[in-house]
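Everything below concerns the one structure shown next.
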Amino acid sequence: MLVFTLLISIFGAAHLATSEKLSYVAEPSDLYVAPNPANITTLLDFIDSQDNLSNLSVILRQPAGFIKAFDTAPTWSFTFFAPSNEAFEHTGAYYSSFASTPKGKWWLGNLINHHYVPNTKLTTSNFNGSLSRVQTASYLYINTLKDDSGDVKINSVATITGPDNAVTSGVVHIIDRILDPSSQIFESDLPKITQTFIAGSCSSPNLAYC
Ligand SMILES: *[C@@H]1O[C@H](CO)[C@@H](O)[C@H](O)[C@H]1NC(C)=O
Ligand SMILES: *[C@@H]1O[C@H](CO)[C@@H](O)[C@H](O)[C@H]1NC(C)=O
Ligand SMILES: *[C@@H]1O[C@H](CO)[C@@H](O)[C@H](O)[C@H]1NC(C)=O
Ligand SMILES: *[C@@H]1O[C@H](CO)[C@@H](O)[C@H](O)[C@H]1NC(C)=O
């Protein structure tokens with residue numbers, strides 16, 4: 001009898017694991033919405049106002065939470081690297097086949113976090129001619145390099161084409177390629193650009209790898 005029960009349990013679990021499709025529940029209607037005073041320009045206001053960020057504007061609405069989080073007056077400062085429509089033209093088959101799947105939504109959320117630097121406003125004057133690194137909200141690093149003509153390259157592929165756009169509490173740089181979290185190469189020797197500690201990213205900001 002015990003064996004029989006176990007078999008039922010095992011087959012029951014296997015049945016669930018193989019046949020239940022990954023999906024998302026509808027957003028509850030009573031979610032807290034942070035205040036959005038009329039006298040501010042939120043990150044979302046900026047993204048939605050730029051013709052060449054129309055892909056990003058649509059993509060932000062796919063993973064949960066970003067529309068609300070980007071449409072408030074944060075009490076912290078931030079830097080956001082906004083991939084332009086040109087950036088999304090260079091994403092390829094992996095992006096187009098994966099991003100639209102349920103698991104792809106989670107991946108897109110992580111991708112967006114990788115473009116956001118909380119607690120620090122980095123303008124182009126903060127980047128210089130040494131290959132340096134900055135930690136993002138994904139906890140991973142991106143690298144930055146300002147070339148002789150003053151252009152800033154991120155991860156050696158993306159160029160800041162629209163620098164230093166001011167929004168309330170933050171600065172937005174438009175870039176021409178997306179920053180993929182999985183492309184981070186471990187570069188322990190890169191100097192780290194001075195930035196405010198990202199809570200939860202490390203046990204101690206004094207550790208060399210933080
Ligand atoms: C917006 O208005 C509020 C209330 O009048 C004020 O406290 C706040 O500083 C203003 N914010 C900005 C960014 O001007
Ligand atoms: C970007 O927008 C264009 C025009 O609406 C659309 O054809 C294209 O599929 C979009 N790209 C992505 C990656 O969403
Ligand atoms: C994006 O489009 C805006 C106008 O909507 C323009 O002012 C800006 O230069 C463009 N930026 C880039 C990086 O192409
Ligand atoms: C560039 O910035 C990094 C990080 O702040 C610093 O370590 C490095 O010395 C700077 N390089 C130059 C050429 O100023």
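As the structure lists them, so they are numbered: ligands from 1, and atoms in each ligand from 1.
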Any N/O pair Thr194/ligand 4 closer than 3.5 Å: no

Side-chain H-bond candidate by donor/acceptor type, Thr136 with Ser138, under 3.5 Å: yes

Short side-chain to backbone donor-acceptor contact, Lys146 and Lys153, under 3.5 Å: no

Under 3.5 Å donor-acceptor pairs involving side-chain atoms of residues 55-74, not counting sequence neighbours:
residue	atom	partner	partner atom	Å
Ser57	OG	Asp48	OD1	2.7
Ser57	OG	Arg61	NH1	3.2
Arg61	NH1	Asp48	OD1	3.3
Arg61	NH1	Ser57	O	2.8
Arg61	NH2	Asp48	OD2	3.0
Lys68	NZ	Glu27	OE2	2.8
Asp71	OD1	Asn36	ND2	3.2
Asp71	OD1	Thr42	OG1	2.8
Asp71	OD2	Asn36	ND2	3.2
Thr72	OG1	Ala69	O	3.4

Mutual orientation of the aromatic rings belonging to Phe78 and Tyr116 [parallel < 30°, tilted 30-60°, perpendicular > 60°]: parallel

Tyr95-Trp107 aromatic ring centre distance below 6.0 Å: yes

Side-chain donor or acceptor of His90 paired with backbone N/O of Arg177 under 3.5 Å: no

Atom indices of ligand 4, in the order listed, that fall short of 4.0 Å to a heavy atom of Ser132: 2 (O), 3 (C)

Enumerated ligand 2 atoms positioned under 4.0 Å from heavy atoms of Asn55: 1 (C), 2 (O), 3 (C), 8 (C), 10 (C), 11 (N), 12 (C), 14 (O)

Residue contacts for ligand 1, heavy atom to ligand atom, distance under 4.0 Å: Asn39, Ile40

Rounded distance (nearest 0.5 Å) linking atom OG1 of Thr168 with atom CZ of Phe46: 12.5 Å

